[in-house]
Protein chains: 2
Amino acid sequence: MKDIARRAGVSESAVSFALNGRPGVSEATRARVRRVAEQLGWRPSTAARALSGEGAATVGFVLARPADTLGVESFFLQLVSGIQEVLAERHLGLLFQVAPDVADECAVYRRWWAEHRVDGVLVVDPRADDPRPGLLDELGLPAVVIGGAPDVRHPGLSTVWADDAGAMASVVDELTALGHRRIVHIAGLPGLAHTRRRISTLRAEAERRGLTGVRSVPTDYSDAEGAAVTRRVLGGSPPPTALIYDNDVMALAGLAAAADLGFRVPQDVSLVSWEDSALCRLVSPRLSALSRDSAGFGRTAARELLALLDGAPARAVGVPVPRLTGRGSTGVARPE
Amino acid sequence: MKDIARRAGVSESAVSFALNGRPGVSEATRARVRRVAEQLGWRPSTAARALSGEGAATVGFVLARPADTLGVESFFLQLVSGIQEVLAERHLGLLFQVAPDVADECAVYRRWWAEHRVDGVLVVDPRADDPRPGLLDELGLPAVVIGGAPDVRHPGLSTVWADDAGAMASVVDELTALGHRRIVHIAGLPGLAHTRRRISTLRAEAERRGLTGVRSVPTDYSDAEGAAVTRRVLGGSPPPTALIYDNDVMALAGLAAAADLGFRVPQDVSLVSWEDSALCRLVSPRLSALSRDSAGFGRTAARELLALLDGAPARAVGVPVPRLTGRGSTGVARPE
DNA sequence: TGCGAGCGCTGAAGCGCATTAGTGATCGTG
DNA sequence: CACGATCACTAATGCGCTTCAGCGCTCGCA
């Protein structure tokens with residue numbers, strides 16, 4: 001900036017005014033300064049900016065998953081890609097961190113806050129009794145919870161959420177319309193909020209319809225558990241005629257397990273994956289799956305965070321209900 | 001820090017010395033200052049640190065891929081997870097960015113450099129005629145190229161590389177031992193350096209053995225192209241008896257395509273995936289695949305970057321040659 | 001006993017930017 | 001024509017930290 005000031009023949013402060021669009025300099029000077037700055041390839045030092053109270057121009061994102069289950073889901077990279085798309089418009093950086101569990105994640109937030117490293121954070125995988133909203137509220141760190149239900153206890157946090165309940169209800173609708181009455185939901189981690197929402201909605205829908213052979217079995221999202229649970233429930237008597245998997249990897253594992261047991265898909269059993277991806281289209285039969293716009297989800301979340309940083313009040317916004325893309329793995333229930 | 005100084009009854013400079021392990025204060029004072037700092041939960045402001053010449057305590061990572069092919073590979077999240085493991089030891093942050101292409105990636109590096117946002121970067125997917133090493137050399141930004149061959153033209157950059165040539169040779173060894181003589185390599189993006197290494201090694205191995213029905217077909221890594229190329233080459237006459245896919249997604253797509261055409265695996269055609277993942281174990285038959293330690297790759301790269309930041313000279317280090325895990329998709333070639 | 005060396009510490013400057021108070025010139029108005 | 005108001009700009013201060021140049025003190029040694 002000193003260089004720019006010298007070359008443009010003005011003071012440093014004038015340069016600051018000019019480049020930040022603040023009043024206090026003539027349009028002619030502003031243009032001249034801008035030109036010189038461009039010539040010199042000047043970019044403000046984020047460190048200096050941050051130090052003089054402008055914030056770190058950075059947003060934080062922590063993924064708390066055990067390392068070995070990290071790669072299996074395409075969801076997160078898509079989400080991050082959507083987030084970036086929005087952040088890039090303002091030249092905000094994304095500080096990314098993987099942590100082994102939520103306790104460590106909280107430690108990361110504390111550290112980032114103490115170090116003034118981020119202006120806000122995006123929180124994923126909200127769970128029951130989640131310590132994170134309380135912590136972030138306490139620290140006063142602007143945050144958007146991705147995938148949580150609106151949380152009345154922490155009005156400082158925004159929420160971007162998908163209507164899992166509505167989606168589950170529509171899946172049950174479709175399956176019962178096909179004649180299915182015994183449905184098993186191979187769920188994800190029981191601690192996650194959306195897992196709970198799906199489980200309780202399924203139970204409610206079953207009660208409403210008087211279905212008794214309907215239940216949820218929580219897992220750790222891994223292919224191993226997906227296959228194991230599939231084998232167990234299909235070995236029961238009578239076996240379910242439809243299975244709903246909380247992610248694509250388990251659905252694939254379940255498909256293989258069903259085939260091993262001699263179940264034909266979809267003649268003997270229908271399969272639904274609660275996550276669409278290339279995988280679902282790569283196996284035979286192709287898997288019917290709930291499609292959602294993960295990148296769009298990320299964009300929405302990022303926009304909410306920007307709004308929060310601009311001083312807008314926190315709020316909860318919904319994203320479109322995921323829709324079931326029917327493929328080859330769902331069909332009419334076999335008559336008893 | 002002012003608070004700490006006051007409470008400990010010393011000057012700010014003494015606090016700085018004490019907390020940074022620098023000489024100039026007695027051990028007693030140092031301990032006292034440390035205690036007070038801990039009580040207050042003090043953490044240095046990265047902005048201030050960066051401003052006074054200590055660097056940004058941040059490392060950059062850009063992923064230049066079109067958004068839609070982002071999620072398909074588990075490799076990157078695993079890699080990042082390994083990187084973080086090492087960076088976390090020093091409390092270094094990871095600034096993550098996805099970019100549509102290499103030109104944009106270069107722009108990101110320039111911006112980061114101008115803004116003093118990062119101390120160094122990790123570069124993935126090196127390609128032929130890559131502008132990035134030159135740029136980073138010119139900017140003087142410490143960098144580690146992940147997956148590149150050692151680059152003599154840019155001695156300022158470190159390289160962490162896997163021996164694709166050796167791996168390809170060993171795969172060809174195994175396949176020819178099974179009697180395969182017509183092998184098609186469904187390769188990845190032709191611009192990537194490791195794709196070229198694999199292609200040229202395959203050609204050399206074929207020549208060495210006098211095999212004429214061996215070739216590589218570059219693709220964009222997508223399931224669509226993987227399936228299309230599989231259909232095309234299996235429709236040829238005589239068709240190949242073994243296919244090598246440069247990633248797991250294409251291998252899966254190829255498996256489905258082969259089944260569609262009535263080819264049995266492995267009786268009619270053997271399949272090898274150059275990327276192991278849960279997917280390879282989820283299909284039937286299970287895919288034989290080259291396993292590598294992606295997280296370990298990331299750890300090695302991160303350690304090289306730390307060394308570079310500590311002033312060590314750049315160097316090239318190799319990671320273990322990926323090994324072929326034989327599963328159900330490879331078998332003896334069908335006698336003609 | 002006197003002097004230099006070294007120790008433990010303090011004060012001040014500076015990193016690059018934003019901001020506030022202040023300055024001189026120009027303008028409009030009575 | 002004189003006055004306050006406005007405009008275009010400058011000088012100075014501070015953000016939180018590191019660092020460098022002292023500064024007084026004690027200690028060892030001649």
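Chain letters run A, B, ... following the sequence lines, proteins first, then strands; residues in each count from 1. What you see below is based on every heavy atom in this structure, not just the backbone, and it leaves out hydrogens, waters and symmetry mates.
- Between A:Gln97 and B:Leu87 the shortest side-chain heavy-atom distance does not fall below 4.5 Å.
- A:Leu19 has its CG atom 15 Å from the C1' atom of C:dT19, to the nearest Å.
- Rounded to whole Å, the distance from CZ on B:Phe17 to P on D:dT19 is 8 Å.
- Considering only side-chain N and O atoms, B:Ser11 lies under 4.0 angstrom from the phosphate OP1 or OP2 of C:dT10.
- Taken over five-pair windows at either terminus, the axes of the helix from C:dT1-D:dA30 to C:dG30-D:dC1 are inclined to one another by 50° (rounded to 10 degrees).
- Nearest to the side-chain atoms of B:Ser26 among the listed nucleotides C:dC15, C:dC9, C:dC17 stands C:dC9.
- Phosphate proximity of C:dA18 to A:Arg22: absent, as no side-chain N or O sits under 4.0 Å from OP1 or OP2.
- Residue B:Met1 contributes atom CE, which lies 14 Å from atom P of C:dG11 at whole-angstrom precision.
- When the P atom of D:dG16 is taken as reference, atom CG of B:Leu51 falls 12 Å away, rounded to whole Å.
- One atom, NE2 of A:His116, and another, P of C:dC17, lie 20 Å apart when rounded to the nearest Å.
- Minimum heavy-atom separation, A:Arg43 to B:Glu115: NH1-OE2, 2.8 Å.
- Residue B:Glu27 is the one, among A:Ala47 and B:Glu27, whose nearest nucleotide of DNA chain C lies closer to the 5' end (criterion: closest heavy atom).
- Electrostatic pairing of A:Glu27 and A:Arg30 counts as a salt bridge here, judged by a charged N lying under 4.0 Å from a carboxylate O.
- Here A:Asp293 pairs with A:Arg299 in a salt bridge; the nearest charged N to carboxylate O distance falls below 4.0 Å.
- Aromatic ring orientation, B:Phe297 versus B:Phe75: tilted (interplanar angle from 30° to 60°).
- No more than 12 heavy atoms of other residues, nucleotides or ligands sit less than 6.0 Å from atom CG of B:Asp129.
- Put simply, A:Ser16 has a side-chain N or O that comes within less than 4.0 Å of OP1 or OP2 on C:dA18.
- Rounded to an integer number of Å, the gap from A:Lys2 NZ to C:dC17 C1' is 11 Å.
- Rounded to a whole Å, the CZ atom of A:Arg43 is 14 Å from the C1' atom of C:dC17.
- At a cut-off of 3.5 angstrom, the base of D:dA11 holds at least one donor-acceptor pair with the side chain of A:Ser13.
- Between A:Ser52 and the phosphate of C:dG16, there is no side-chain N or O to OP1/OP2 separation shorter than 4.0 Å.
- Considering only side-chain N and O atoms, A:Trp42 lies nowhere under 4.0 angstrom from the phosphate OP1 or OP2 of C:dG16.
- Between the CZ atom of A:Arg49 and the P atom of D:dC15 there is a distance of 19 Å, rounded to whole Å.
- Other residues, nucleotides and ligands contribute over 12 non-hydrogen atoms within 6.0 Å of the CZ atom of B:Arg32.
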